[in-house]
There are 2 protein chains.
Amino acid sequence: MSGKTVRTARTRVRTAVREVPGPCAHWNDEDADFIREILDLVGDKWSVLIIGSLERGPTRYSDLADLIPGISQRMLTLTLKQLQRNGLVTRTAYPEVPPRVEYALTELGTSLLSTVLALAAWSAERHCEIRRHQQEFDADTTS
Amino acid sequence: MSGKTVRTARTRVRTAVREVPGPCAHWNDEDADFIREILDLVGDKWSVLIIGSLERGPTRYSDLADLIPGISQRMLTLTLKQLQRNGLVTRTAYPEVPPRVEYALTELGTSLLSTVLALAAWSAERHCEIRRHQQEFDADTTS
DNA sequence: CTGCATCCCGGTGGATACTG
DNA sequence: CAGTATCCACCGGGATGCAG
C-alpha cells in the first residue's frame, strides 16, 4: 500500500468514469484509485462529522469535542491532523494562556463538504427504503 | 453504542442538514446518523467498486471478480450480500449447469451510484491539490 | 485548554482450502 | 462456476493517564 504506482496522467479524469472506449474493464486503476482516495479521506468514522461541524466557521478544539458527541480526544486530534494533512482544514494556534486553537475549513474542505452533503441528502431520502429492504432480507434469511 | 436510540421522526430530513433553528449544534443525532448510514453502505473497502462495476448492467460473479482486481472471493461474496440486503443490488440465479448468477443494480443502487460518482469526480479534480498539501505537510513534519 | 503515549480489544478483510 | 468455512494478521479506535 506504500507503492500506489504514481500515475502521471491526470487528463480526462472525470469522463473516464463514464466513457469506456472498448469492451474492457471500466474500473481502470485510476478510477479505482480515486474511490480509494475519497475513502481514505472520509471513509473513517469521524472525518465527515468534523468537517460538518466546521461548516459555520472557525471552531475551537474543545467546542468540536462538544459538537461531536461520542468522539474521544484521541480520535479528534488524530482526525484533525489527518484533515489538516490533506489540506481540508487549517489549524491556528493563538499564543495565549490558556492556549486556544481554532480549526477552520479551507476552500478544499468546503467543496468536499458540499459534495458530501449530497450524499447525506441521498441517505435522508432513501434511508427508510433501505431499512425496508433490510428487514425484508432479514425476514427471508431468518429461516 | 448498541442502543442507537431508535428515532421515530423521519420528517424534514433533508432540510435538517442545512437549516439550523437555533444556535445549538447542527450535528443533531439525525444528521450524524445519516452520515453513519452512508458510511455503513459505502464506507467499506469494496462496496463502491462493486457498484461501479455493475454500472453497465447485470454482471456475473466471476466477471465481477475479474473487473475488480485484488478482491478476494470472500469479500466479493460478503459485500454483494450486504449490498443485496440494503436493496442496492439484485441477485438472480439461473438454474443451469454450470451455475450462472447475475448481479444487477436496483434503482436505489443506480441513484447511489450517480451520487457517488460526484464524489469520484471531486476526487479526480482535486486529488493533485490534495497530494500537494500532503507533501507540504509531511515535509514540515519531517523535522 | 490542547494534545500526545500507552494499552488493549473487536472488527475488517486477506489467504487458503473445501463444497454443490 | 459460485460460493462457504476457517484461520489469522492488522489496525481502527476507545479508555486512561500524562505533558506543555
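No experiment lies behind these values; they were computed from the predicted model shown. Protein chains get the first letters and strands the later ones, always in sequence-line order, with residue 1 at the start of each.
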Open item on the list: For B:T92 and B:Y103, which I'm curious about, is there any donor-acceptor pair between the side chains at under 3.5 Å?
Closed with: no

Task: Sugar-phosphate only, base, or nothing, as touched by A:S62 at under 4.0 Å among non-hydrogen atoms - done: sugar-phosphate

Open item on the list: So, OP1 or OP2 of C:dC4: does either fall under 4.0 Å of a side-chain N or O from A:Y61?
Closed with: no

Task: Minimum-distance nucleotide (side-chain atoms of A:W46 versus C:dC4, C:dG14, D:dG13) - done: D:dG13

TODO: Classify the side chain of B:R74 and the base of C:dT16 as holding, or not holding, a donor-acceptor pair under 3.5 Å.
DONE: no

Open item on the list: Just so I know, are the side chains of A:E102 and A:T59 near enough to count as touching, which here means a heavy-atom distance under 4.5 Å?
Closed with: no

Task: Co-membership, hydrophobic cluster, residues A:L108 and A:V42, 4.5 Å side-chain - done: yes

- [ ] Could you check how far CG of A:L76 sits from C1' of C:dT2, rounded to whole Å?
- [x] 10 Å

Open item on the list: For A:R131, is there an ion pair with A:E136 - N to carboxylate O distance below 4.0 angstrom?
Closed with: no

Task: B:Y103 side chain, from C-beta outward: closest of D:dG13, D:dA2, D:dG3 - done: D:dG3

Task: Proximity to the side chain of B:P98 - top-ranked nucleotide from C:dT2, C:dG13, D:dC1 - done: D:dC1

TODO: To the nearest Å, give me how far apart CZ (B:R91) and P (D:dA2) are.
DONE: 10 Å

Open item on the list: Quick check on DNA chain C: between B:T79 and B:Q73, whose nearest nucleotide comes earlier from the 5' end?
Closed with: B:T79

Open item on the list: Rounded to whole Å, please give me the gap between CG in A:L39 and P in C:dT12.
Closed with: 14 Å

Open item on the list: Using a 4.0 Å heavy-atom cut-off, does B:Y94 contact any base of the nucleic acid, only the sugar-phosphate backbone, or nothing at all?
Closed with: nothing

Task: Closest-nucleotide 5' rank along DNA chain D - winner of B:P99 and A:M75 - done: B:P99

Task: Spacing between A:L78 atom CG and D:dC11 atom C1', to the nearest angstrom - done: 12 Å

TODO: Send over the distance from A:D44 CG to D:dC11 P, rounded to a whole Å.
DONE: 15 Å

TODO: Write down the distance between CG (B:D63) and P (D:dA2), rounded to a whole number of angstrom.
DONE: 7 Å

Task: Rounded interatomic separation in angstrom, taking CD1 from B:I71 and P from C:dT12 - done: 15 Å

TODO: State whether B:K81 places a side-chain N or O below 4.0 Å from either non-bridging phosphate oxygen (OP1 or OP2) of D:dG3.
DONE: no

Open item on the list: With no hydrogens and no angle check, just 3.5 Å: does a side-chain donor-acceptor pair link A:S47 and A:D44?
Closed with: yes

Open item on the list: Between P on D:dA2 and CD1 on B:I68, what's the gap in Å once rounded to a whole number?
Closed with: 14 Å

